[in-house]
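The first residue in the sequence is number 1, and the count goes up from there.
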Amino acid sequence: MENFSKVAAQVRGARALLGWSQSYLAEGISVRRVIIADLESCKRAPQEATLSALITELSAAGIVFTETGVEFVEWPPRPYVPIGCTMLKKRARRQWCSRT
């Protein structure tokens with residue numbers, strides 16, 4: 001992969017602009033969080049399919065990859081939820097019941 005450290009920095013920057021955690025982005029493209037962490041720290045390059053999914057989701061969220069970094073297509077950015085995060089998971093609240 002050409003210029004791996006640049007891609008890692010761009011993904012880190014794009015995630016920061018969007019306010020997304022590594023876990024949220026990982027869930028959005030259906031990979032484990034450690035894959036995003038390894039990419040951003042330049043420990044290991046992801047598979048081409050994973051990198052393609054990352055770039056697709058970040059671009060769909062309004063991120064443009066430039067020679068010098070990343071930026072928004074338009075300001076203010078529009079809300080975007082990654083494909084893998086369409087189902088919001090809510091914890092069921094326990095209902096306290098008194099036993100009689």
Side-chain angles (χ1 to χ4, degrees):
M1 178 182 304
E2 230 176 89
N3 221 341
F4 178 61
S5 61
K6 178 180 172 182
V7 171
Q10 287 178 318
V11 169
R12 211 173 27 251
R15 211 174 40 73
L17 279 175
L18 292 167
W20 291 358
S21 67
Q22 288 178 343
S23 298
Y24 187 72
L25 179 56
E27 181 183 350
I29 62 168
S30 301
V31 297
R32 295 185 347 245
R33 186 202 60 81
V34 72
I35 292 173
I36 305 298
D38 285 351
L39 164 67
E40 289 183 359
S41 64
C42 296
K43 287 184 181 176
R44 186 177 314 135
Q47 295 177 351
E48 287 297 321
T50 301
L51 188 59
S52 177
L54 263 170
I55 292 171
T56 300
E57 284 299 322
L58 293 172
S59 296
I63 296 293
V64 175
F65 291 84
T66 66
E67 284 297 315
T68 58
V70 291
E71 56 188 48
F72 281 114
V73 173
E74 61 184 45
W75 188 259
R78 59 180 167 55
Y80 179 79
V81 177
I83 300 291
C85 297
T86 55
M87 297 290 292
L88 294 177
K89 298 173 185 170
K90 293 184 179 180
R91 288 186 179 173
R93 287 191 172 182
R94 272 192 157 160
Q95 296 293 328
W96 190 81
C97 302
S98 61
R99 294 184 180 174
T100 54

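- Ser52 contributes atom OG, which lies 12.0 Å from atom CD of Gln47 (distance to the nearest 0.5 angstrom).
- Once rounded to the nearest 0.5 Å, the distance linking CD of Gln10 with OG of Ser5 reads 10.0 Å.
- The two residues Gly13 and Val70 make their nearest non-hydrogen contact at C-CG2, 3.8 Å.
- Remark: of the listed residues Ile36, Val31, Leu39, Val31 is the sole one forming a side chain to side chain contact (heavy atoms under 4.5 Å, CB included) with Thr50.
- You'll find the side chain of Val64 stays beyond 4.5 Å of the side chain of Phe72, heavy atoms only.
- By the side chain to side chain contact (heavy atoms under 4.5 Å, CB included) test, Ser59 is found to be paired with Ile55, Phe65, residues two or more places apart in sequence or in another chain being considered.
- Between Leu58 and Leu25 there is a side-chain heavy-atom pair separated by less than 4.5 Å.
- A side chain to side chain donor-acceptor pair (under 3.5 Å) with Gln22 is found for one member of Arg33, Glu27, Arg12 and no other, namely Arg33.
- Here the CZ-NZ distance, from Phe4 to Lys43, works out to 11.5 Å after rounding to the nearest 0.5 Å.
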